[in-house]
There are 2 protein chains.
Amino acid sequence: MKDADNILRLGDCLPVLNKFERGSVDLFYIDPPFFTQKVHALTTRDGGTRYSFRDLWASTEAYGDFLIDRLSECHRCLKETGSLFFHCDDTAGHLARLILDRVFGPENFQAEIIWSFRRWSNSKKGLMPSHQTILFYSRSGAFKFHTLTTAYSESTNLDQILQKRVRDERGKAIYARDDSGEPVTNGAKRGVPLGDVWEIPYLNPKAKERVGYPTQKPVLLLERIIQLCTDPQDLVADPFCGSGTTLVAAHLLGRRAIGIDTSEDALKLAAQRLAAPVRTESRLLERGRQSYVREDLDLLECLKGIGYHPVHRNKGIDAILMEEWHGKPVCIRIQRPDETIEDAAIALCNAAERKGGAKLILVVMEHQWGLLGRANVPASVTLVHSTTAAIRHSLSEVLGLRLVAGQ
Amino acid sequence: MKDADNILRLGDCLPVLNKFERGSVDLFYIDPPFFTQKVHALTTRDGGTRYSFRDLWASTEAYGDFLIDRLSECHRCLKETGSLFFHCDDTAGHLARLILDRVFGPENFQAEIIWSFRRWSNSKKGLMPSHQTILFYSRSGAFKFHTLTTAYSESTNLDQILQKRVRDERGKAIYARDDSGEPVTNGAKRGVPLGDVWEIPYLNPKAKERVGYPTQKPVLLLERIIQLCTDPQDLVADPFCGSGTTLVAAHLLGRRAIGIDTSEDALKLAAQRLAAPVRTESRLLERGRQSYVREDLDLLECLKGIGYHPVHRNKGIDAILMEEWHGKPVCIRIQRPDETIEDAAIALCNAAERKGGAKLILVVMEHQWGLLGRANVPASVTLVHSTTAAIRHSLSEVLGLRLVAGQ
DNA sequence: ACGGGAACTGAATCGGAAC
DNA sequence: AGTTCCGATTCAGTTCCCG
């Protein structure tokens, strides 16, 4: 690991892998061209460098032959306990699957992992592509595997999960009981074993870890793969390493890594990244989607039955209607219980100041509707009468309860 | 549609489809039997070490032949504007993909849809399978397609997205400003176009729609497929219809449907389901398509935001709160539009008579709230004021729009 | 018709300016 | 200082048009 030349190798991976010892690698991550029949190019953010690679092929057969040669070599280099992850999309994933079944044997197919993400959209007729596929094969049945866990679903019956299970005399799993017949709990719950659909945000336009190399993958995706199938000090190899995401992830997790690529520019980039590895600290990942949801959005209950989008990132505007009004968006605010009509109107106006003539609607709470005559509200704001939350309030008062959020 | 014999056909679909007219079907949903034995390794023509793609077709085995024959027949029956959805899992999906590419042409491959779901964990070494794949092929480029939309991501800055963009002198996209430097907005948005990863709960073991037939799919999954690619009155065909989920979904959406199956038992089950179609009420997923809900369920809309359980089998009680009140359940009734406050209160009291001191709440409609002074209501019933649909009415009037059904 | 390049799209993130 | 919120940036993007 001292030497960049030892980590990064320039050239086609086939001859490079050929010199590797049999059974020397713990994990291969393969991210080859996907058979898109396009040249992929991207300019760095500072406009300095333009990186590109060609994904153009004479035929399906040519592509298949290219893969089978290199995958066979990977197979040879893998330890008995090793695994290979093959990244592809739906253009040629089925061909890769056939080839890998042939090289590794169908019995060593372990999973078809779906990496799903949300991305900026386009106007395609059809469904927006929002996943890629990672095929997971092991070298043998004795492959190394660490079960990772995720959070429980909200609907899971946790107290049942907490119960300890044992095997009865016939070897069947049953819930454990103590001497008095009471269920025995299990201590900490670790979570649900990781499934084969992984929702990981796509490397987004503003991410710090973005280096301007086309088709760059999130470090988090590679970290997950590496954690699943290797231990610290194990050797990870990426024969199509590009800008070196795999190497960065391996480095961050204390694994050894080798990257191979035909592009000298890509390897330079990879060397730079290894010198100062960056992983995006994404708020979305750290705190979850829920952290964006505004608590006071339950005010919007009163809009139910109307087509609207909740607005999470603006304090003045609560919702925008799906319908437009004379070509303008319709912005809605619901008056807060502790807020005067004027204050609500001002908040709405301020938020919409730069929205260029949107239609502004303020929903006024019933108990303040009587004050309307005295309200000093900008002319641009249209007031609408509501008695929404009324029922919720009434119920809370009548019952003396803080009502739980429902449904 | 009058006649079950016309909807349900017994037998292998090959001869049955053979009698269909060319170009008579708008949509095929194919959910073939998964062969229990593994797909055999594919052999090369010369039996040698060299791999070639052409060999894949020289070695097609029985499963492939079975599929090719039937898919070719489907292809013949499809309208030019028609589409076919092929349901598979990761054991044979790649083979199906090859066959479909061959029968429909690779240019008519539209999407690899991932149906993802959470499932009860098993203790297998490896990743828990939690998706299946649906391959979407069209008969031609002129296929019928309705874009469905989903909610925006919580992290989306919605109000910004409303702004129009133009190009500056260097051809770079920037936000448009009017003469006074104010941003120009773009009209309203209907939502994000549906992607190719669909998270739909697996039919849970207690779902009402479950009829005990293996591999039964959720009605919602089929409804989505049918809505994407057909109009009302179009013809949907399912050559492996099993217990008839596709037919039920088509029926619920006003499409014509034909189901074929080799099992007489399956067809009997399908006939029963068609006579009384049931869709599991998953409130989480039902949002958005509430065009014709039962009126008494509609009443409960005003309770949204409060944790409650709808009560289905009791004429007097509409819902029970999740929260209890001094150890007693809280029973709620919503006053019907054509019902006096007194009648509603009596219905509620009668229903709760044997509930042992439950807290009784009657939600009174706004237009009757004024009559409250004169109401002669049992002391055990607490009255709560509601004004549901009021805001919707106001908005419609202010904007002069017929508002679309929302969320 | 078909391939290739130019023109255009639009939602989802994060960075950082503005409070 | 911490939080809110604006808007820049991106395209294993797509469409369109022309030779």
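Order of the sequence lines sets the chain letters (A, B, ...), proteins ahead of strands, with each chain counted from 1. Only this structure's heavy atoms are used, side chains among them; waters, hydrogens and symmetry mates stay out. None of the values given here were measured: they were computed from a predicted structure.
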If I take atom CD in residue A:Glu209 and atom C1' in nucleotide D:dT9, what distance separates them, rounded to the nearest angstrom? 16 Å
Starting at CG of A:Asn350 and ending at C1' of C:dA18, how long is that distance when rounded to a whole Å? 13 Å
Report yes if at least one side-chain N or O of A:Asn314 is closer than 4.0 Å to OP1 or OP2 of D:dC6; otherwise report no. yes
Rounded to the nearest angstrom, tell me the gap between atom CD in A:Gln37 and atom C1' in C:dG5. 17 Å
Lys NZ or Arg CZ of A:Lys125 over B:Phe143 ring: under 6.0 Å, within 45°: yes
For C:dA17, give the paired nucleotide (Watson-Crick: N1-N3 plus N6-O4 or O6-N4; G-U: N1-O2 and O6-N3; both under 3.5 Å), or none. D:dT4
Is the ring centre of A:Phe240 less than 6.0 Å from the ring centre of A:His87? no
Counting the benzene-type ring for Trp, do A:Phe117 and A:His131 have ring centres under 6.0 Å apart? no
Ring centroids only, cut at 6.0 angstrom: are B:Tyr137 and B:Phe109 within range, meaning strictly under it? yes
Whole angstrom value for the distance that separates P of C:dG5 from CZ of A:Arg54: 10 Å
When the distance from CD1 of A:Ile200 to C1' of C:dT13 is rounded to whole Å, what number comes out? 16 Å
With nearest nucleotides of DNA chain C determined for B:Pro193 and A:Lys208 from heavy-atom distances, which residue corresponds to the more 5′ nucleotide? B:Pro193
Any donor-acceptor pair under 3.5 Å from B:Arg139 side chain to B:Gly82 backbone: no
Answer for the Watson-Crick or wobble partner of C:dT9, both distances under 3.5 Å, is none
Rounded to whole angstrom units, what separation is found between the CG atom of A:Asp318 and the P atom of D:dC5? 11 Å
Output yes when at least one side-chain N/O atom of B:Ser153 is less than 4.0 Å from OP1 or OP2 of C:dT13, else no. yes
A:Arg118 side chain, from C-beta outward: closest of C:dG15, D:dC5, C:dT13: C:dT13
When rounded to whole Å, the CZ to P distance for the pair A:Arg210 and D:dA8 reads 17 Å
What do the steps show when you test A:Gln216 against A:Ser243 for side chain to side chain donor-acceptor pair (under 3.5 Å), and what is the final call? CA-CA 7 Å; A:Gln216 189 184 341; A:Ser243 59; 4.7 Å; no
Contact letters for nucleotides 12-19 of chain D, in which S counts primed atoms plus P, OP1 and OP2 and B counts the base, heavy atoms under 4.0 Å: BSSS----
CG of B:Leu194 versus P of C:dA11: gap in Å, rounded? 15 Å
If I pick the C1' atom on C:dT13 and the same atom on D:dG13, what distance separates them, to the nearest angstrom? 16 Å
Using OP1 and OP2 only, check whether a side-chain N or O of B:Ser155 sits under 4.0 Å from C:dT13. yes
Can you check whether B:Ile200's main-chain N or O pairs, donor with acceptor, with B:Trp115's side chain at less than 3.5 Å? yes
Assigned partner base of D:dA12, Watson-Crick or wobble definition, under 3.5 Å: none
